[in-house]
Amino acid sequence: MSKFVFLIPLLPFVGFLINGLGRNFLSRMLVNIIGCGVLIASFVISILVFREVSAPGFTASAIDYFNFIKAGGLDIKASFLVDQLSALFLLVITGIGSLIHVYSTAYMKEETAPHYARYFAYLNLFVFSMLLLVLGSNFVVMFIGWEGVGLCSYLLIGYWFGNASYNNAAKKAFVMNRIGDLGFLLAIFWMLSQFGSIAYADVFTKASTAPVAVLTGITILLFVGAMGKSAQIPLYTWLPDAMAGPTPVSALIHAATMVTAGIYMIARSNVMFSLAPISQHLIAIIGISTALLAATIALKQNDIKKVLAYSTVSQLGLMFLALGVGAYTAGVFHVMTHAFFKALLFLGAGSVIHAMHHEQDIKKMGGLGKKLPITHITFLIGCLAIAGIPPFAGFFSKDEILIAALGKSPILYALGIMTSVMTAFYMFRLYFLTFSGTFRGSEEQAHHVHESPLAMTFPLMVLALLSVVGGWVGIPALFVKDAHLLAAYLSPVLTSQTAEGHHLSHSTEWTLMGILLAFILLAILFSKKLFGKQFKGENTTEGVPGFLANKWYVDEIYDAIIVRPINGLAAFFSKIIENKIIDGLVNGVGKGVQFSARQMRLLQSGQVGSYILIMMVSIILFFIFQLFWKL
Amino acid sequence: MQVMPINYYIFLSVALFTIGIVGVLTRRNAIIIFMCIELMLNAVNVLLVAFSKMHHVAAFALDSSTTAGTEAQLFVFFIMVVAAAEVTVGLAIIVMLYRNIHAVDINFLNRLKH
Amino acid sequence: MHINEILFWFLTALALFSAMMVVFSKNPVHSVLWLIMVFISITGHYIIMNAQFLAIVNMIVYAGAIMVLFLFVIMFMNLNAESEPQKSKWMKFAAVLSGGSLMLILIAALKDNVGFISSVHGEGSIGLIKNLGKVLFTEYVVPFEISSILFLSAMVGAVVLGKKEPSNTVS
């Protein structure tokens, strides 16, 4: 099957070309068939590849296609690596991608013809880039995909380019990603100079020979790249703004796939990270801080997509915590389950927004449960999954992360529990405000609220099913011995450092799990009490709540300490350097030429005699030079 | 046969040429200037013929049937041809000039600027 | 002293003196006449060097045709000594200075480089009309014909320039 691997990214690319070039004359039906068809075909091939990879006795090997860069000793090949990790990501990307494409056909119905095709072209291009990212067998191919998804993210956030603030959001996302990408790029160069190659196989086998300081430097730079792409402190502020894009885009790019690229990258280079404990500590600290910060902000947001966005940032933080404590399997596991339930929640939110005619403020919703039954049930499943209620998917992955964190440090564990409890609270706040109580919108909206078409509800149902059963591939040893299928599956790729986590006695684990569950249930009940019946408004202006509602004023701080000084500097350059010095130089040269020309013109007296005299003198001088200086 | 150093002809030629230059520089009458240019041309001609002869005599000592030096004399002939043509056009221009500004003074030529 | 040597010195002195007089005589007509003297003495030099063809051409074309043309133009314009304004003293001084220094430089340059004694007067018949004519009409026939075209165009040019323009006369 591996000889067809190249088709997996190629098909979306072909779809992008057809839809992008034919956007003016392809019919809507044709765009749907091409846009969704290529992805479903990729998905089918991915399943076949996955079957092959998961068969016993499979050994991963890079498939070379052509030389990308070959100069001297440098040899970078365009080649793909299909192993357990990339096959898993292939499934997630193409699977969820297909569902979201199908969903989009209904969600984007109101768009006019060329824009509709443009949307699908971008979406296909995104999937192509993402597949390139996970399939590459060296860091350069990964970087190409990495940049590609950044570009598509920019294009799709600014999809409605008529709106200036959306464009600003797109720019913000792009610039912040760029900062991270610089780190990634530097890491690539460093690896190149240290190991002489950037193919995974070479780098990882040589990693143990490199000094720890170098490895620490490389891994921190890689992590800077991951910070940008996966929205970690301090580069996370673009993700909430990225909600300006269409909701399916938020589901696909900014929840399920692109933002997990950083986790994929670190999991992929786990060999290096395991050798650099300082980087790991940094990752764990940044991860848990991001998780906590975003969770607190999410408590007070009123935009349905903003809540989900901060929740995504928070969950990504948890994933980085897992990577930081060495539980790579748990991190990847959470990527997978999070992809399921967060895509579900975003698509559910999209369904609500669709029904409410693009109203996103949850203060104006309420009581939608009866009118949108399918959305209601699936959204509830999503909330339960993210809150970590057994037996939903989120429970297993989150529990694994927390246990691994406990293995490293009780503080990380405690903070992780705080995050989980807050997650449960704000998700159910969102759920109750949206679906229960009474409707708070206008009469007209109430009249028009309707369940979404099948093209939208079908992906919801599939994702809801996955959110229920998705976690069962990673049942901890606590329940059933040797039932952690995912860990067994990924073991050839990911080194396991979590062995010490299992030293805890089973009774301790049971206790901890029970306490955690109790806290989460309490949080849910508390939020039901607050928001379940009647919404009385919240304090969002003063004190701690106001502080949280304003997102810790991080945007304002960035504005003050980075944006303003740079603007000031730019103004200085444009006013002083540009106007005075550079223009002065240019004008000065012009003036100098004019002035000297005015002086030189005096020589052109029109007196033939003086001309001849000058000629004579010059001839004499030439002779003198020729004779006596022997030039 | 008498031996005559080539230097004498060089100095004669340089002297004539310099007198021509001094004439060009000191006089304002365009016709005189023109005549001085003719003088300089002739100085060059004399030199060319002298070198031709020198060359020929040197070659003749080795081979009595040589024609070395012929080219220089023909060159002088062509210089005279061109000079004659030049004089024709030059004088026509001077006549034209005189008709326009009623003088052959080159200091008035700066009117061409305007 | 050989007769050639006597002739050389005499013709040289005549040429230089006549050239001086060309430059310094006030009357343009005198200048023309002195120039004819220069040409005659140069013709004499040609004869000493046995360049008979050039001697004849120089005499006929330069001293004859060209100088007559000059004389004709000067008389046609009715120029005399008083009509020519003099240049300033400084200009004359600068001119003589630069001319003199040019001569010095040239002599300084040539004195060392061509300091050998070489026979100029002597055997040889290349300057005879017969020999030069043979070469001219065999090897150099194309340039010769081209020079006739040059003459033709010069003639046409002179006629065009000399034609009175009906409107563009500045009074």
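Lettering follows sequence order; numbering is per chain, from 1. Computed from a predicted structure; not experimentally measured. Side-chain atoms are counted along with the backbone in the values below, which use heavy atoms only and exclude waters and symmetry mates.
- Within the 4.5 angstrom heavy-atom criterion, only side-chain atoms of B/Leu91, from C-beta onward, approach chain C.
- Heavy-atom distances place both the backbone and the side chain of B/Tyr8 under 4.5 Å from chain C.
- Proximity to chain B is absent for every atom of C/Phe93, based on heavy atoms less than 4.5 angstrom apart.
- Using a 4.5 Å cut-off between heavy atoms, B/Leu41 contacts chain C through its side chain alone, with no backbone atom that close.
- Using a 4.5 Å heavy-atom cutoff, the side chains of B/Ile94 and C/Met77 are in contact.
- Proximity to chain C is limited to the side chain of B/Ile21, based on heavy atoms less than 4.5 angstrom apart.
- Interface residue C/Asn58: backbone and side-chain heavy atoms are both found under 4.5 Å from chain B.
- For chain B, no part of C/Ser148 is nearby; none of its heavy atoms comes within less than 4.5 Å.
- Most heavy-atom pairs under 4.5 Å with chain B, from the set C/Val73, C/Val38, C/Val61: that is C/Val73.
- With chain B as the partner, the residue from C/Ala95, C/Ser153, C/Ala51 showing the most heavy-atom pairs under 4.5 Å is C/Ala95.
- With a 4.5 Å cut-off on non-hydrogen atoms, C/Leu35 touches chain B through its side chain but not through its backbone.
- Residue contact with chain B, scored on non-hydrogen atoms closer than 4.5 Å, involves the backbone and the side chain of C/Val32 alike.
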